[in-house]
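Just so it is clear, the values below take in all heavy atoms, side chains as well, and ignore hydrogens, waters and symmetry mates. Just so we're on the same page: letters track the sequence lines, and every chain starts at 1.
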Number of protein chains: 2
Amino acid sequence: MGTRADYVTRPREWIASLLAREPRFLSAAEIHQRLKRGGARVSLSTVYRTLDRLRAKGDVSARSDAEGEATYMLCEPERHHHHAICGGCGRVEDVDCAAMEQFAESLRKLHGFELDGHAMEFFGRCRACR
Amino acid sequence: MGTRADYVTRPREWIASLLAREPRFLSAAEIHQRLKRGGARVSLSTVYRTLDRLRAKGDVSARSDAEGEATYMLCEPERHHHHAICGGCGRVEDVDCAAMEQFAESLRKLHGFELDGHAMEFFGRCRACR
DNA sequence: ATATTTGCAAATAATTTGCACGTAA
DNA sequence: TTACGTGCAAATTATTTGCAAATAT
């Protein structure tokens with residue numbers, strides 16, 4: 001039968017540890033370069049494969065940046081929330097959005113649009129960069 | 001001096017006309033295929049160049065779809081607004097969002113985050129697809 | 001007439017994949 | 001031991017670019 005395991009390997013530890021340390025969206029290439037600079041021997045393919053695996057598990061959230069390049073960030077899956085992205089340092093803060101339900105209601109009434117899901121991103125300056 | 005003109009050509013008319021007819025995000029490849037099926041002789045490069053030009057003028061809005069492919073749609077630039085994207089047919093409806101200002105205020109108070117801009121997308125079913 | 005646009009084919013750039021070798025269990 | 005993971009290099013895919021020929025003005 002399908003045995004299905006999940007080994008703990010150096011590359012996976014390195015990648016997870018870097019993501020845990022950086023609260024912002026990083027591209028596969030950025031992660032790869034940082035790890036190599038730090039002395040780790042990892043291939044770019046492994047970075048891609050690991051990120052994809054983490055995304056499938058729901059541990060990281062992914063988005064395309066302004067240039068269309070995929071970027072990834074560690075993400076608590078428990079609570080539905082949104083991101084506030086600092087234009088200065090790239091730091092991402094989680095923002096929960098209780099006002100959403102009531103907005104969904106007006107969408108339904110005004111546009112006849114039944115909401116399944118939504119995505120929001122906010123761009124601006126965090127406390128430190130203001 | 002730089003003369004800077006703006007010719008009206010067949011490819012540009014075809015592309016603009018297709019965009020005007022389809023109120024949803026289309027990829028360059030989709031636009032290219034449709035035009036060719038319709039008997040138009042256009043190159044994919046021209047589609048890319050034209051879309052980019054329209055985006056620079058502010059006539060189309062662009063976004064990366066779930067697979068990271070760039071997609072484009074005609075867009076009124078006057079009013080700031082958001083999109084409601086139908087999961088059934090892909091139809092996009094414009095939604096203005098007056099509640100945003102007050103949300104920005106709470107972001108500032110609760111997170112110390114100064115808002116520059118934002119992007120919102122809603123996924124669901126339009127009237128016709130419900 | 002001539003500035004601008006196009007098509008084509010080649011160049012880039014991001015991401016994926018096949019496969020022989022390495023490694024965690 | 002053996003299922004799973006990795007590195008490498010080659011394959012794919014989206015997008016951009018150089019340039020000679022076509023077109024709008």
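- In this structure, CG of B:L51 is placed 14 Å from C1' of D:dT16, rounded to the nearest angstrom.
- As a whole-Å value, the separation of A:Y48 OH from D:dA9 C1' is 16 Å.
- If you measure from atom CD of B:E67 to atom C1' of D:dT12, you get 15 Å, rounded to the nearest angstrom.
- Between A:E30 atom CD and C:dT15 atom C1' there is a gap of 16 Å when expressed in whole angstrom units.
- Here the C1' atom of nucleotide C:dA13 and the CD atom of A:Q33 are 13 Å apart, to the nearest Å.
- Between B:P11 and A:R10, the residue anchored nearer the 5' end of DNA chain C, judged by the nucleotide with its closest heavy atom, is B:P11.
- For B:Y7 against C:dA3, a side-chain N or O and a base N or O form a donor-acceptor pair under 3.5 Å.
- Minimum interatomic distance between A:M73 and A:P23 (heavy atoms only, all atoms of both residues): SD-C, 3.8 Å.
- Between A:R41 and D:dG7 there is no side-chain N or O to OP1 or OP2 distance below 4.0 Å.
- Counting distance only, with no hydrogens placed and no angle test, the side-chain atoms of B:R49 and the base atoms of C:dG7 include a donor-acceptor pair under 3.5 Å.
- Mapped onto DNA chain D by nearest heavy atom, B:V8 and B:T71 fall at different nucleotides, with B:T71 at the one closer to the 5' end.
- As judged by a 4.0 angstrom heavy-atom cut-off over every strand, A:T9 is placed among residues touching the sugar-phosphate backbone only.
- Going from atom CZ of A:R12 over to atom C1' of C:dA25 covers 13 Å, rounded to whole Å.
- The cationic atom of A:R63 (NZ for Lys, CZ for Arg) lies less than 6.0 Å from the six-membered ring centre of A:F25 and within 45° of the ring axis.
- Remark: B:T46 is in phosphate contact with C:dG7, judged by side-chain N or O atoms under 4.0 Å from OP1 or OP2.
- To the nearest angstrom, C1' of C:dC8 lies 11 Å from NE2 of B:H32.
- How far OH of A:Y48 is from OG of A:S27: 7.5 Å, rounded to the nearest 0.5 Å.
- Look at CH2 on B:W14: it is 16 Å from P on C:dT5, rounded to the nearest Å.
- Counting only heavy atoms from C-beta on, B:A70 has its side chain closest to D:dT15 among D:dT25, C:dT5, D:dT15.
- At a threshold of 4.5 Å between non-hydrogen side-chain atoms, the residues B:R12 and B:R53 count as touching.
- Side-chain atoms of A:L44 lie closest to C:dT15 of the nucleotides C:dT15, D:dT15, D:dT6.
- Put simply, the side chain of B:L19 reaches to within 4.5 Å of the side chain of B:L54, judged on heavy atoms.
- In the set D:dT15, C:dT17, C:dT6, D:dT15 carries the atom at the smallest distance from any side-chain atom of B:E69.
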